[in-house]
Amino acid sequence: MTETGIRQLFEQAVDTYSDMITGLCLLRLGNRQDAEDCYQNTFLKLFKNTEMLKEDSEYLKAWLIRVAINECKNRHRFLSRNKTENLDFINLCYEEGEDRQLMESIMSLKKIYRDVIYLHYYMGYSVMELSKILKARENTVKSRLKRGRELLKEELLKRNCEEEFI
């Protein structure tokens, strides 16, 4: 394949998966700057690994999610060792109201629940697809989804009760 063809495939992959990778990185890291770093590293790895561009789109999508998750883990590890201030990205990304409240509630969940909730409900992945992407058994994914929904419901109810008393 020519260099122009590879470049076009890369640009198409960035256009197609950009929003998904950005959302995943924002969700895992909680601030825009760190998420942008992970986003760039994810697509830099794709640029260096041009063979991935020739793969089928679902395989490429799963590969990008896996790379993004690993980049976020590495960034989180770095941040835990180096003191930094966490910026509140939610104010920048979501309008006031239900979307923002829901995203704040999702952000309050542990990462294992946050990831499956986001990938399942926002990205539309099935349990089987999530088990492959996250390298976990299907029953584990189902349990995380169930527990994540329960925790999310508790969090939303708690937030609504607090608002009623304000």
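We use all heavy atoms of the structure for the numbers below, so side chains are in, but hydrogens, waters and symmetry mates are not. Quick caveat: nothing in here was measured; it's all calculated off a predicted structure. Positions are given from 1, in the same order as the sequence printed here.
- Minimum heavy-atom separation, Leu27 to Met107: O-SD, 3.4 Å.
- Separating the CG atom in Asn49 from the NZ atom in Lys54 is a distance of 10.0 Å, to the nearest 0.5 Å.
- Atoms CD and CZ, on Gln33 and Arg75 in that order, are 10.0 Å from each other to the nearest 0.5 Å.
- The side chain to side chain contact (heavy atoms under 4.5 Å, CB included) test applied to Glu11 returns Arg7, not counting sequence neighbours.
- Atom SG of Cys72 sits about 10.5 Å away from atom CG of Asp37, to the nearest 0.5 Å.
- Looking at residues two or more places apart in sequence or on another chain, you find a side chain to side chain donor-acceptor pair (under 3.5 Å) between Asn74 and Arg77.
- The shortest non-hydrogen separation linking Met52 to Leu46 is CB-CD1, 3.8 Å.
- In this view, Gln8 and Thr4 satisfy the side chain to side chain contact (heavy atoms under 4.5 Å, CB included) rule, not counting sequence neighbours.
- The nearest pair of heavy atoms linking Val127 to Lys142 is CG1-CG, 3.7 Å.
- Under the rule for a ring-ring contact (aromatic ring centres under 6.0 Å, His included), the partners of Phe10 that lie at least two apart in sequence or sit in another chain are Phe47.
- Nearest heavy-atom pair across Cys38 and Leu29 is SG-CD1, 3.5 Å.
- Leu151 CG to Arg144 CZ: the interatomic distance, rounded to the nearest 0.5 Å, is 13.0 Å.
- Qualifying ring-ring contact (aromatic ring centres under 6.0 Å, His included) partners for Tyr121, counting only residues two or more places apart in sequence or in other chains: none.
- Residue Val141 comes nearest to Ala136 through the heavy atom pair CG2-CB, 4.3 Å, listed as atom of the first residue, atom of the second, then distance.
- Going from atom CD1 of Ile106 over to atom CG of Leu156 covers 8.0 Å, rounded to the nearest 0.5 Å.
- Contacts of Ile133 classified as side chain to side chain contact (heavy atoms under 4.5 Å, CB included), with partners at least two apart in sequence or in another chain: Ala62, Ile65, Tyr125.
- The same ILVMFWY cluster, assembled from side-chain heavy atoms under 4.5 Å apart, contains both Leu130 and Tyr59.
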Please tabulate, one pair per line, all N/O donor-acceptor pairs under 3.5 Å involving side-chain atoms of residues 16-24, not counting sequence neighbours.
{"unit_1": "Thr16", "atom_1": "OG1", "unit_2": "Gln12", "atom_2": "O", "d": "2.8"}
{"unit_1": "Tyr17", "atom_1": "OH", "unit_2": "Ser57", "atom_2": "O", "d": "3.2"}
{"unit_1": "Ser18", "atom_1": "OG", "unit_2": "Tyr39", "atom_2": "OH", "d": "3.1"}
{"unit_1": "Thr22", "atom_1": "OG1", "unit_2": "Ser18", "atom_2": "O", "d": "2.8"}

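- Leu60 and Ala13 get closest at one heavy-atom pair: CD2-CB, 4.1 Å.
- In this structure, Glu58 has no side chain to side chain donor-acceptor pair (under 3.5 Å) partners at least two apart in sequence or on a different chain.
- Rounded to the nearest 0.5 Å, atoms CD1 (Ile117) and CD1 (Ile112) are 11.0 Å apart.
- Applying the salt bridge (charged side-chain N to carboxylate O under 4.0 Å, His left out) criterion to Glu129, with sequence neighbours excluded, gives no partner residue.
- Not counting sequence neighbours, the partners of Lys146 by the salt bridge (charged side-chain N to carboxylate O under 4.0 Å, His left out) test are Glu150.
- At least one side-chain heavy atom of Leu134 sits under 4.5 Å from a side-chain heavy atom of Ile69.
- A donor-acceptor pair under 3.5 Å is absent between the side-chain atoms of Arg147 and the main chain of Tyr113, judged by distance alone.
- Qualifying side chain to side chain donor-acceptor pair (under 3.5 Å) partners for Lys111, counting only residues two or more places apart in sequence or in other chains: His76.
- For Lys45, the side chain to side chain contact (heavy atoms under 4.5 Å, CB included) partners at least two apart in sequence or on another chain are Trp63, Val67, Glu71.
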